[in-house]
Amino acid sequence: MSEYNFREVEQKWQAYWKENKTFKTKERSDKPKYYVLDMFPYPSGAGLHVGHPLGYIATDIVARYKRLKGFNVLHPMGFDSFGLPAEQYAIKTGQHPALTTDANIKRFKEQLNVLGFSYDWDKEIRTSDPSYYKWTQWIFLQLFNSYFDEEKKKARPISELPIPEGFTKEERRQYIDDRRLAYQDEIAVNWCPALGTVLANEEVIGGVSERGGFPVIRKPMKQWMMRITAYADRLLDELADVDWPESIKLSQKNWIGKSLGAEIIFKTAEGSGEIKVFSTRPDTIFGATYVVLSPEHPLVDSITTVDQKEAIEAYKEEAAKKSDLERQELDKSKTGVFTGGYVINPMTGEKIPAWISDYVLISYGTGAIMAVPAHDERDFEFATKFGLPIRQVVSEDGSEKPNIEAATPGHGTIINSGDRYNGLHSKEFIKIVIDQMEADGTGKGAINYKLRDWVFTRQRYWGEPIPVIHTEDGEVKGIPESELPLVLPEVDSYQPAEDGSSPLARNEEWVKTTDPETGKPAMRETNTMPQWAGSCWYYLRYLQPDNDKRLGDQEAIKYWSPVDLYVGGAEHAVLHLLYARFWHKVLFDLGHVSHREPFQKLVNQGMIQGTSSFVYRVKDTNTFVSYGLKGNYDVTPIHVDVNLVDKDILDIEAFKNSSPEYRDASFELEHGKYVCGAEVEKMSKSKLNVVSPDHIVSKYGADTMRMYEMFLGPLEQNKPWNTNGIDGVFKFIRKFWRLFHDGETFSISGEAPTAAEMKILHKTIKKTQDDIERLSLNTSVSGFMITVNELSSLKCNKRAILEPLTILVSPFAPHLSEELWSLLGHSTSISEASMPTHDEQYLKEDAFEYPVMINGKMRTKMTFAADAPNGDIENEVLAAEVVMKWTEGKKPKKVIIVPKKIVNIVV
RNA sequence: GCGGAUGUGGCGAAAUUGGUAGACGCACUAGACUUAGGAUCUAGCGCCGCGAGGCAUGGGGGUUCGAGUCCCUCCAUCCGCACCA
């Protein structure tokens, strides 16, 4: 071949790898292990776009590199195959989600294989496969059958839970159920009517659903919950043990939202009840001039007086109707209603009014606050609006403001807080006031978290059935392990019922069962698990996907854990990555895994954005005007498929044929062409800007695609997709091929390399290794280009240079490298070769330039020969000679080359 | 509002510890070889200037012999979180 034929070569080697199971992971090995993992994809109907492979290419390079470095590498791939889109498609078409999911996976795998990834497909997993979700259900039962030991700070089997004496059977059961890590609770959940399901807090973003952006309302429902709050401290503290991006750690810290403060009791004025509030500033309690309850607070009804009842009821109703989005609108002013009731400030003994307002959230703290308008902006706004008293109790500069115009939340000297406390510093007073309240029984130090327990049920079909039964007398039991997996039943429709019950309830025969312990009739749970369940632990299943006895052997888990490198998107910061850590810690406590954290090093690959193209339709017409002319009309920009656009010029005929709507459209052109507008946006089907890798691969080959995606920029960075530079990478591939060829024939010389050639090689070895180790894969590709340019200009075709170079390039361009490797006369895959090591002696520069200091004063820079002193006082003569010019004939007494490349010469 | 990230030629970007800023690639210009080339090779390519030289890493200031890199401050863009008591 005179030219590199990537089509032929890539097919050949992909077939070879498949046939020989080249990348099969060895279960047992004396080699050190390396576990490199991608966040597995949800197999959507749209197939892969060019953004998907970015992280996959990076991990594949690392996996191939680590193999060459002598590691036993686990590099698996699988599919997060339960999920909403397949179900919504099923609702629309009546087709079973399993069918569409299978078809999508098939397409994904084809697309992945074309890129030449070195996966061990024998370890593939699918979360919707019963042999997989058997163990998801098994983990659920572990959580169900465990409680959190507050003293030991760890999960323990529920059978070891100490139970107080003297309980009735019913009380005893209640006591146990209240402590399970997976438990049921009637709570106000995030209900999304459009999706027909509840959502976890983490799935609600700014009051709308993460998927689809539909409004979410609060609705009380009985739900399965996961007691993730028990692990709040460990999830927070143990972040210190992992090598993760600071931004992700911070997101998790903020989400957990630990704050230190006090819980303070305000007794109602008539003495019948008490309202607990949480405050991070108990030192301002003397400034608490009223309290505010959330409209949903359970004490609202009892504290409300008869004449305020009507107003309170109206406000409560209004609040209940609002969606979270409406409640969170910030620019609106505060609203609220006086309950008519009063409470007693425990420190001042004053009678202060109790209000309700929706700016107090039932879901945070105790659902009630003490308002200190002088030192809290929200309270200040509320107090000003409703004419409530404002009392300054902390002074930052020691003086008291006569007219308070704004809240000052800072620390300073305590004032207006009684003779006993005035003059103290507010920070010091926090401790004192907590001690005082503890002594009085009116409050205590408290820690509060933003983190809520995880709402674990979804009213959906396409998810894991929850393996519990409800008995006739209201008891909830896990099903016996021997009955797992509890297989998802067939149903006549995938539509959730309007009352919020799951589609599983439609199969009444399946729902009816018997309690295996008593033989009495029982009902199955009809809700399913959220999509996160399967992805919470999949990294463990790759170790032994076929093990039907256990989740995985202890030995295998111990050998492979933790995941050494985990690459995926940052969008999972508080979803998958938090849930997975939580489950992992529970499994750790129960002795099923050997490490506290699942993922040692995490890297977030950036998003590859799409460049959307727009056409401009004149309002109420079917006329489209070119980009430069749109200013003259009132136009609506419309997304146009980027595949109909080449360098901003629209293919008008193709556009007309793309939809009947456009068939008769007319166009106003510039210079005979229709110019489209462009904008960088997230790549998505709806924006018509999706570029599939298939097209690139067929034009340039997989190796070029792989290297080009890396060459595009730093892995972590977001970047828009373009193919502007792809020719440069394609040229590299062909140039590299030509180094091995003399015209048509493969031609390699056995001649010994020159020093210059050796230098080029060893520089490349060092650079490649350093770059891959720190995941700077873009500079690594650049390094190869430099090397090939240099060797081309030397016309170097020597085996001693090209053979190690082929190994270096192989993680990036595996197909090309395999072909060259076999042409070089090797009969096994290049992946079984060893990474060459560099030799320092070839890396020395011929000359180097150091700044020179004379008598401690910086003068200039000087060039030294490569063998010039690089340590202490040796080789004075050489350095002295150089220095003579600068010291005007004076002879230097001492030449010192200090670290940091500064030469100091004392004359 | 709070927090984080980023800011370098016409473009994507390098610069690993404070030490020749712009490697490498794209685009562009000129040339060579070609019947031809979307192939290949050679040279040029930050800005100002004929030149010597001067100016340049978002703006301003500082530390240092020396700053893209460290510190302060302002600006812009992107991404999180957002009435969290």
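The figures here come from the full heavy-atom set of this structure, side chains too, leaving out hydrogens, waters and symmetry mates. In what follows, chains carry the letters A, B, and so on, assigned in the order in which the sequence lines appear, proteins first and then strands, with residues in each chain numbered from 1.
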Worksheet item: A/R738 side chain: which of B/C41, B/A23, B/A27 is closest?
Response: B/C41
Worksheet entry | OG-CE distance between A/S279 and A/M370, expressed to the nearest 0.5 angstrom | 3.5 Å
Worksheet item: For A/E716 and B/A13, what is the distance between atoms CD and P respectively, to the nearest whole Å?
Response: 13 Å
Discussion item. Any strand counts, and the cut-off is 3.5 Å on both contacts for Watson-Crick or G-U wobble. Which nucleotide pairs with B/U8?
Written reply: none
Worksheet entry | Syn/anti label of B/G44 as read from its glycosidic torsion, with the cut at 90° from 0 | anti
Worksheet item: Contact class for A/K682 vs. all strands (heavy atom < 4.0 Å): base, sugar-phosphate, or nothing?
Response: nothing
Item to complete: Please determine, for B/C50, whether a Watson-Crick or G-U wobble partner exists with both distances under 3.5 Å, and give it or none.
Response: none
Worksheet item: Can you tell me how far C1' in B/A67 sits from the matching atom in B/C78, rounded to whole Å?
Response: 26 Å
Worksheet item: Counting any heavy atom closer than 4.0 Å, what does A/S259 reach on the DNA or RNA strands: base, sugar-phosphate only, or nothing?
Response: sugar-phosphate
Worksheet item: Is the phosphate of B/C26, meaning OP1 or OP2, less than 4.0 Å from a side-chain N or O of A/K731?
Response: yes
Practice prompt. Using a heavy-atom cut-off of under 4.0 Å over every strand shown, decide if A/D376 touches base, sugar-phosphate, or nothing.
Written response: nothing
Worksheet item: Under a 3.5 Å cut-off for both distances, is B/U57 Watson-Crick or wobble paired, and to whom?
Response: none
Worksheet item: Does a side-chain N or O from A/Q717 land closer than 4.0 Å to OP1 or OP2 of B/A5, or not?
Response: no
Worksheet entry | A/D770 CG to B/A23 P, straight-line distance once rounded to whole Å | 21 Å
Discussion item. Distance check needed: B/U42 C1' versus A/K735 NZ, whole Å only.
Written reply: 12 Å
Worksheet item: For residues A/S357 and A/K334, is any side-chain donor paired with an opposing acceptor at under 3.5 Å?
Response: no
Item to complete: Tell which nucleotide pairs with B/A43, taking only Watson-Crick or G-U wobble pairs whose two distances are both under 3.5 angstrom.
Response: B/U29
Practice prompt. Using the closest heavy atom to pick a nucleotide of RNA chain B for each, name whichever of A/P720 or A/V729 lands nearer the 5' end.
Written response: A/P720
Item to complete: Heavy atoms only: give me the nearest A/M705-A/E709 pair and the separation to one decimal.
Response: CE-OE2, 2.8 Å
Response to the item:
Partner of B/U17 under the Watson-Crick or G-U wobble criteria, both distances under 3.5 Å, comes out as none
Fill in: Backbone N/O of A/A354 and side chain of A/T339: donor-acceptor pair under 3.5 Å
yes
Worksheet entry | Lys NZ or Arg CZ of A/R581 over A/W244 ring: under 6.0 Å, within 45° | yes
Practice prompt. Between B/G31 and B/A13, how far apart are the C1' atoms? Round to whole Å, please.
Written response: 28 Å
Item to complete: Measure from the side chain of A/N789, starting at C-beta and using heavy atoms only, and say which of B/A85, B/C83, B/G25 lies closest.
Response: B/G25
Practice prompt. Hey, can you tell me if A/Y579 and A/W532 have their rings parallel, tilted or perpendicular (30° and 60° cut-offs)?
Written response: tilted
Discussion item. Is the phosphate of B/G3 approached by A/S251 (side-chain N or O, under 4.0 Å from OP1 or OP2)?
Written reply: no
Item to complete: Please answer whether the main-chain N or O of A/F429 pairs with a side-chain N or O of A/D283 as donor and acceptor at a distance below 3.5 Å.
Response: no
Practice prompt. Report the distance from atom CD of A/E377 to atom C1' of B/C2, rounded to the nearest whole Å.
Written response: 11 Å
Item to complete: Check the distance between B/C26's C1' and A/F711's CZ and give it to me in whole angstrom.
Response: 8 Å
Worksheet item: Can you tell me how far P of B/G12 sits from CE of A/M785, to the nearest Å?
Response: 17 Å
Discussion item. Rounding to an integer number of Å, can you tell me how far A/M707 CE sits from B/C26 C1'?
Written reply: 16 Å
Practice prompt. Could you state the atom-to-atom distance from NZ of A/K795 to C1' of B/C41 in whole Å?
Written response: 9 Å
Item to complete: Return no unless some side-chain N or O of A/N722 is found under 4.0 Å from OP1 or OP2 of B/C26.
Response: no
Worksheet item: Paired with B/G1 by Watson-Crick or G-U wobble geometry, both distances under 3.5 Å: which nucleotide is it?
Response: B/C81
Item to complete: Measure from the side chain of A/K699, starting at C-beta and using heavy atoms only, and say which of B/A85, B/U40, B/G38 lies closest.
Response: B/G38
Worksheet item: For B/G22, which nucleotide in any strand shown is its Watson-Crick or wobble partner with both distances under 3.5 Å?
Response: none
Practice prompt. Verify the contact: side-chain N or O of A/N778 to OP1 or OP2 of B/A14, cut-off strictly under 4.0 Å; return yes or no.
Written response: yes
Practice prompt. Nearest-nucleotide wise, let me know which of A/G713 and A/R734 is further upstream toward the 5' end of RNA chain B.
Written response: A/G713
